[in-house]
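Read the structure below first, then the notes.
FYI, side chains are in, hydrogens and waters are out, and symmetry mates aren't considered; it's all heavy atoms of this structure. Position 1 is the first residue of the sequence, and the numbers go up from there.
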Amino acid sequence: MRRLPWLLLSALPLLLGACREASDEYPPYDCTEERMKFYERYNEKTRADLGKRVADFEEALKGELTDAERKEAEQLLDETRERLRDPDFFQRKSVEDLPADLEWEFGMDQPELGSEEAKKGGTLHSYIPGGTYPPNIRSCGKEANNSFRSYHWDDIEMAQISLHPNTNRIIPGLADRWAVGEDGRSVFFHIDDEARWSDGEEVTSEDWMMSFYIYLSDYLSVAFYKNYYSEQFWGITTYGKDYLCIRNAFPKPLAPFWAAIPPSQAGFYKEFGPDFEERYNWRPRPTTGAYVIREEDIQKGRSISLSLVEDWWAKDRKYYKNRFNVDRIEYRQVRDEEKQFQMFLQGDIDIYYLNDAKKWYEQTEVDAAFKGYFERATFYNDYPRVSRGLYFNLSKKPLDNPDVRIGLSHATNWRKVIDLDLRGDAERLNLLNEGFGDISNPDIRARDYSVRKAREAFARAGYTKSGPDGILENDKGRRLSFTITTYKIPAVEAMMLRLKEEARRAGVEYKIEALDPTSAFQKTSRKEHQISFSGWAITPPFPDYYQQFHSKEAYIPGTKKPRPMTNNLSIFADPEVDKILEANRNARSYEVIKNTSRELEQIFHDRAVWIPSYQRPFYRLGYWRWVRWPDDFNVRLASEPEMTHLHWIDQDMKQDTLAAMREGRVFGEKILLFDQYRTLRKPEKGTPEADEGTDAGGESAAPSETDGTERDETPPAVEDEEGADE
């Protein structure tokens, strides 16, 4: 299953024209004049706001403050005065105005990616994640953050720079060089002279001015963009068409990474206005990356495809030349997951994710696998783990009671799910942001399943009586009954039923509400859930807690009504924790990021704001023999094999395989294991590994394969733990 859309939630009503029926035809519109006036107004507003902040801080410093409060106010005053020396957010200067002492970096010292043996061409047949056709192909705004977004945007579009997916070092993208100013927040970029949009237009600094205009506009019905780009940036300056400077709001480690955002072609978005979210729903945009969606690629309700950009400008660049090898990627709409799997077994789909243990161990034991027509691989990655678990809606009683949440944590038997449903092919997740090296708090362990501990916590919350069905009640007759909103996916439903069965022993009733992924996502983002089985796809290099837990993302201002369409699914609000969240997001050093991250994880664990589930230190894949991969298969820092587009289609091998299937020839079964990036984990207390003092997982090994006579992976034996920890 591909990444689910957990970031940048977006489903608010349109600001204007909500009743207007969508149409493919819209009157011509040119926002150029309005955009230029917007830049002027925004600069004026910025100067006024900064002046007011200075006056407010000066007034506050005249009053009585603690030493800590005075120090903070003085620091903020100094920063505001500093910004007032160059206050305009949008600026245009000439090349001659560039600082003369910039030390340019080029990032050309990292290893190449992909394989020199990669072949160009062919079509990859895949499927739309979740089985639901995307509601639009926009990159931002209402419902843009759907499960298809990563395919046509996150994994395709280019920013000024990116991070090398094996070394995590900065490498060039649309910029061929960059430099960080003396202030540590201003990042200068030179746009590659050959950078072009897919329609042949030159990429210029004006395209980044357009991006900031879009994200700061009131025309987007999602507040996230405006909040983030106004708070995290001090502005943008163009130096002619080939240079630009993005000013981060704070000096940060890896400053160029934070200043890198994809451009928005000024010409294409010239009709950006109040009806943007309707007008641009299905308009294929020009891209800077290797693939583009063309009008003929959109077959609504059937498929959506990506086509390789003809003569793509970066096709011979060091870090891109052996990637994006396939000419066309067709994503079919197949609503039923079992049908998707059957289409893979028949060869109608080329690649299929086999993270479902039953599919991996049993359902792929078919002739096509035994004869080597399709292959299977396990790839251990070193990537931040999905923060998958049960998220409580703290605005709903009795989930606002921490003892109830602690009791539910002990009543939820994820260990049994891991051992039985996942066949031991997973580890217990402990943190919201696990997999960030020493940033991740090593001392926190998720609460264990224990009927005794659960009932003790429930008793503290007043739930001491057992009803006729064994479910605990308080003295007002309120039952410990909760609805879990989850996905209508067989493997997930089986896990939820396991949790339901185990929770009943602790006096808890779990009702399972299984919806299609899109419906579950929308219900949770509207904050209508009690408990949501959700996960956040987290990207390196640093964790981000702010979106999930800051107070301003919890409630509609001035009310106690949960604020819909934000990432704060827990509706968590604490002004004191807000300060730590802000310090974490605005950290100027690695040490601050590490310390605040560990502190936040401890707070969220102590308050039991969620129940961590499981993590997999690998992904598994089935692919037909003609889909080929580099010798080391894939990259260290990726959660999915298609993210970096290192694979290719071998047309000769495809024809040979199809002929072999007709003739009865066999190639031999292949089950590949790539564990060169396998990380050693600290054994959990009470496990055999911990008792014996050994490292779970063992040492890293070279990629290996089996020929079908000796299996390198077998289902682990499991034991029934019924009543084990009572």
Side-chain angles (χ1 to χ4, degrees), residues 5-15 38-39 41-43 45-50 52-53 76 79-80 83 87 89-90 138-145 149 159 185 208-236 246-250 252 257-262 264 272 274 276-277 525-527 536 538-539 542-559 561-575 577-587 596 600:
W6 308 120
L7 301 178
L8 316 185
L9 304 182
S10 47
L12 293 174
L14 290 175
L15 292 174
F38 174 88
Y39 296 152
R41 289 198 311 274
Y42 201 89
N43 286 343
K45 181 179 181 300
T46 300
R47 289 193 291 269
D49 289 346
L50 291 172
K52 184 177 184 304
R53 288 190 69 190
L76 292 172
E79 289 181 353
T80 308
R83 189 176 177 189
F89 194 97
F90 295 97
R138 286 182 280 99
S139 63
C140 62
K142 177 187 177 184
E143 295 182 336
N145 187 41
R149 184 182 188 271
R185 57 164 55 93
W208 277 272
M209 293 285 278
M210 175 61 84
S211 285
F212 275 97
Y213 171 58
I214 291 172
Y215 294 140
L216 293 172
S217 170
D218 288 329
Y219 295 146
L220 292 185
S221 62
V222 185
F224 167 82
Y225 303 95
K226 187 173 184 178
N227 292 337
Y228 181 84
Y229 283 88
S230 63
E231 294 170 0
Q232 293 302 302
F233 296 99
W234 272 13
I236 173 174
I246 305 291
R247 290 188 293 164
N248 295 316
F250 306 92
K252 292 185 176 184
F257 171 81
W258 296 108
I261 63 173
S264 303
F272 177 85
F276 164 72
E277 292 175 327
S525 63
R526 291 194 299 266
K527 316 297 174 66
W536 295 80
I538 308 164
T539 57
F542 303 119
D544 179 11
Y545 301 89
Y546 185 98
Q547 296 180 52
Q548 280 184 265
F549 297 104
H550 198 279
S551 296
K552 76 174 191 176
E553 307 293 338
Y555 294 99
I556 296 173
T559 75
K561 184 177 180 181
R563 184 176 177 180
M565 307 309 155
T566 73
N567 294 337
N568 192 337
L569 302 186
S570 308
I571 305 92
F572 179 94
D574 185 326
V577 178
D578 286 348
K579 296 176 182 178
I580 309 172
L581 291 165
E582 291 160 7
N584 180 264
R585 168 174 273 196
N586 303 328
T596 53
L600 287 166

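- In this structure, the side chain of Arg47 does not engage the main chain of Pro87 through any donor-acceptor pair within 3.5 Å.
- Listed here is the closest heavy atom pair of Trp208 and Pro262: NE1-C, 4.1 Å.
- In plain terms, the two heavy atoms of Ala554 and Asn568 that are nearest each other are CB-ND2, 3.6 Å.
- Of all heavy-atom pairs between Trp234 and Phe89, the closest is O-CD1, 3.4 Å.
- Across every non-hydrogen atom of Phe272 and Leu220, the tightest pair is CE1-CD2, 4.4 Å.
- No side-chain heavy atom of Phe257 sits under 4.5 Å from any side-chain heavy atom of Lys252.
- At least one side-chain heavy atom of Phe90 sits under 4.5 Å from a side-chain heavy atom of Leu216.
- With contacts defined as side-chain heavy-atom distances shorter than 4.5 Å, the pair Phe224/Thr566 does not qualify.
- Heavy atoms only, all atoms of each residue included: Lys527 and Pro564 are closest at CG-CA, 4.1 Å.
- A donor-acceptor pair under 3.5 Å links the side-chain atoms of Glu277 to the main chain of Lys142, judged by distance alone.
- Taking the side chain as every heavy atom from C-beta outward, Tyr219 and Tyr213 approach each other to under 4.5 Å.
- Contact of the Trp536 side chain with the Pro543 side chain is not registered, since no non-hydrogen atoms from C-beta on lie closer than 4.5 Å.
- Between atom CG of residue Leu600 and atom OH of residue Tyr546 there is a gap of 12.5 Å, rounded to the nearest 0.5 Å.
- Between the side chain of Asn248 and the backbone N or O of Phe250, no donor-acceptor pair lies under 3.5 Å.
- Annotation: the span from Asn567 atom CG to Gln548 atom CD amounts to 7.0 Å, rounded to 0.5 Å.
- Atom CZ in Arg526 sits 13.0 Å away from atom CG in Leu569 (nearest 0.5 Å).
- With hydrogens and angles disregarded, a donor-acceptor distance shorter than 3.5 Å links the side chain of Tyr39 to the backbone of Met209.
- Of the possible donor and acceptor atoms, one in the side chain of Arg185 sits under 3.5 Å from a partner among the backbone N and O of Ala249.
- Closest approach of Ile214 and Cys140 over heavy atoms only: CG2-SG, 4.0 Å.
- Judged by distance alone, the side chains of Asn227 and Gln232 never bring a donor and an acceptor atom under 3.5 Å apart.
- With Ser211 contributing its side chain and Ser264 its backbone, the two residues share a donor-acceptor pair below 3.5 Å.
- Side chain of Arg585 to main chain of Asp544: no donor-acceptor pair is present (N/O by atom type, distance under 3.5 Å, no hydrogens or angles).
- Remark: the backbone N or O of Phe572 is not paired with any side-chain donor or acceptor of Ser570 at under 3.5 angstrom.
- The salt bridge (Lys or Arg N to Asp or Glu O under 4.0 Å) analysis of residues 223-233, with sequence neighbours excluded, yields the pairs Asp218-Lys226, Glu231-Lys552.
- By the side chain to side chain contact (heavy atoms under 4.5 Å, CB included) test, Thr596 is found to be paired with Ile580, Ala583, Asn584, Val592, residues two or more places apart in sequence or in another chain being considered.
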